[in-house]
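Structure record follows, encoded as structure tokens.
No experiment lies behind these values; they were computed from the predicted model shown.
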Amino acid sequence: MQIKTIAIIGAGPTGRAIAYLSILAGYQTILEAVSQEFLDDAVTEIRDYLKNAVATGSITPQQETQARANLETSRSVEDVCRAADLLIESAQEELEVKLEIFTLFDKFAKPAAILATSSQTIPITDLAEITFRGENCVALRFENPLSPSGRLEIIQTKQTSEETVTASIEVGKRMGRKILITRS
């Protein structure tokens, strides 16, 4: 499976950092939140990250321009589900919210889309169980996402397919993350 478009559901600090990594890695990226004000704040912060990266010489002005072009926003989970190859839930740490998002993922996402959570507290097995495609479910835990030495922990369930794990590893590598694979 080739990942071209990544959607991040939730524009809080973790969602913003994941979106930043995604646009720098060259992925078309859609950041979703319910509030336009929240999205506007997130885009401003991501642009500040890019400006700082140019100022420190971490990226070139051309890379900044390309990364900015890679970022879109949306206020509709359903719409981003239809567009993305990889969906990363990064909403508040409440089980009910995450279950609702995974229900929408299951209903509206492309058949081969990877359904992921960045949750540090809610097991991916709990979320995968409510879908009809447990083989596409995985947890992607970004540790220190804004650090160049950050790590991506990929947590698979018993149902997670090798194709899902392989595609997740590729995404992590393109984002410059050190990869750790575990099973829940």
Side-chain angles (χ1 to χ4, degrees), residues 1-33 42 46 49 77 80-81 84-184:
M1 154 179 273
Q2 185 177 9
I3 305 296
K4 294 181 181 177
T5 303
I6 296 176
I8 299 102
I9 311 305
T14 301
R16 295 172 187 197
I18 296 169
Y20 173 72
L21 292 173
S22 180
I23 63 176
L24 279 178
Y27 293 106
Q28 190 61 37
T29 304
I30 309 166
L31 184 60
E32 186 278 341
I46 291 167
Y49 295 159
V77 175
V80 300
C81 283
D85 305 306
L86 168 59
L87 295 149
I88 304 173
E89 172 281 313
S90 184
Q92 57 194 359
E93 291 291 319
E94 292 180 19
L95 180 60
E96 294 78 19
V97 171
K98 293 180 183 301
L99 290 172
E100 181 179 343
I101 292 169
F102 263 72
T103 299
L104 292 170
F105 284 179
D106 196 43
K107 185 174 182 179
F108 295 106
K110 297 176 183 180
I114 294 174
L115 315 179
T117 183
S118 67
S119 178
Q120 298 291 324
T121 59
I122 297 172
I124 183 58
T125 51
D126 292 353
L127 300 172
E129 285 176 355
I130 66 156
T131 74
F132 289 101
R133 42 177 139 177
E135 68 279 1
N136 295 21
C137 295
V138 67
L140 301 176
R141 291 187 178 164
F142 291 83
E143 298 175 9
N144 301 317
L146 296 177
S147 168
S149 62
R151 190 168 75 166
L152 173 61
E153 181 181 12
I154 299 170
I155 304 171
Q156 58 184 322
T157 70
K158 291 177 184 174
Q159 294 178 317
T160 305
S161 72
E162 279 305 311
E163 184 179 33
T164 296
V165 173
T166 300
S168 299
I169 291 169
E170 175 60 30
V171 167
K173 286 181 179 179
R174 273 184 60 181
M175 290 182 176
R177 306 292 88 189
K178 295 177 183 157
I179 307 297
L180 171 66
I181 301 172
T182 58
R183 186 179 294 273
S184 68

To the nearest 0.5 angstrom, please state how far the [atom1] atom of [X] sits from the [atom2] atom of [Y].
{"X": "T157", "Y": "D126", "atom1": "OG1", "atom2": "CG", "value": "11.0 Å"}
{"X": "K178", "Y": "E143", "atom1": "NZ", "atom2": "CD", "value": "11.5 Å"}
{"X": "Q120", "Y": "S118", "atom1": "CD", "atom2": "OG", "value": "7.0 Å"}
{"X": "E94", "Y": "T121", "atom1": "CD", "atom2": "OG1", "value": "10.0 Å"}
{"X": "I18", "Y": "L146", "atom1": "CD1", "atom2": "CG", "value": "10.0 Å"}
{"X": "Q28", "Y": "I6", "atom1": "CD", "atom2": "CD1", "value": "10.5 Å"}

For [X] and [Y], which heavy atoms make the closest approach, and how far apart are they?
{"X": "I8", "Y": "S90", "value": "CG2-CB, 4.0 Å"}
{"X": "A91", "Y": "V97", "value": "CB-CG1, 3.9 Å"}
{"X": "A11", "Y": "A33", "value": "CB-CB, 3.9 Å"}
{"X": "A19", "Y": "I46", "value": "CB-CD1, 3.9 Å"}
{"X": "Q159", "Y": "G134", "value": "OE1-CA, 3.4 Å"}
{"X": "I155", "Y": "I124", "value": "O-CG2, 3.9 Å"}

Which pairs, with at least one residue in residues 3-21 and sequence neighbours excluded, count as a side-chain hydrogen bond (donor to acceptor under 3.5 Å, both in side chains)?
->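 Of all non-adjacent pairs touching residues 3-21, those that pass side-chain hydrogen bond (donor to acceptor under 3.5 Å, both in side chains) are R16-E45.
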
Show your working on side chain to side chain contact (heavy atoms under 4.5 Å, CB included) between F102 and D106 and close with a plain yes or no.
-> CA-CA 6 Å; F102 263 72; D106 196 43; over 6 Å; no

Checking side chain to side chain donor-acceptor pair (under 3.5 Å) for the pair Q156/T164: CA distance, chi angles, key distance, verdict?
-> CA-CA 9 Å; Q156 58 184 322; T164 296; over 6 Å; no

How about E93 and S119: does a side-chain donor come under 3.5 Å of a side-chain acceptor?
->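 Distance-only check passes for E93 and S119.
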
Can you tell if the side chain of [X] reaches within under 4.5 Å of the side chain of [Y], non-hydrogen atoms only?
{"X": "L140", "Y": "S168", "value": "yes"}
{"X": "I122", "Y": "T117", "value": "no"}
{"X": "L180", "Y": "T182", "value": "yes"}
{"X": "I114", "Y": "M1", "value": "yes"}
{"X": "I3", "Y": "E170", "value": "no"}
{"X": "L21", "Y": "R177", "value": "yes"}
{"X": "L99", "Y": "L127", "value": "yes"}

After noting the C-alpha distance and the side-chain angles of Y27 and D85, does the key distance pass the side chain to side chain contact (heavy atoms under 4.5 Å, CB included) rule?
-> CA-CA 10 Å; Y27 293 106; D85 305 306; over 6 Å; no

Within 6.0 angstrom of E100 CD, more than 12 heavy atoms from elsewhere =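 At most 12 heavy atoms, drawn from other residues, nucleotides or ligands, come within 6.0 Å of this atom.
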
Taking atom NZ of K107 as the centre, does the number of heavy atoms from other residues, nucleotides or ligands within less than 6.0 Å exceed 12?
->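 Atom NZ in K107 is not crowded, with 12 or fewer foreign heavy atoms closer than 6.0 Å.
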
Determine, stepwise, if the pair C81 / L87 fulfils side chain to side chain contact (heavy atoms under 4.5 Å, CB included).
-> CA-CA 7 Å; C81 283; L87 295 149; 4.2 Å; yes

Yes or no on side chain to side chain contact (heavy atoms under 4.5 Å, CB included) for I9 and F105, after CA distance, side-chain angles and deciding distance?
-> CA-CA 10 Å; I9 311 305; F105 284 179; 3.6 Å; yes

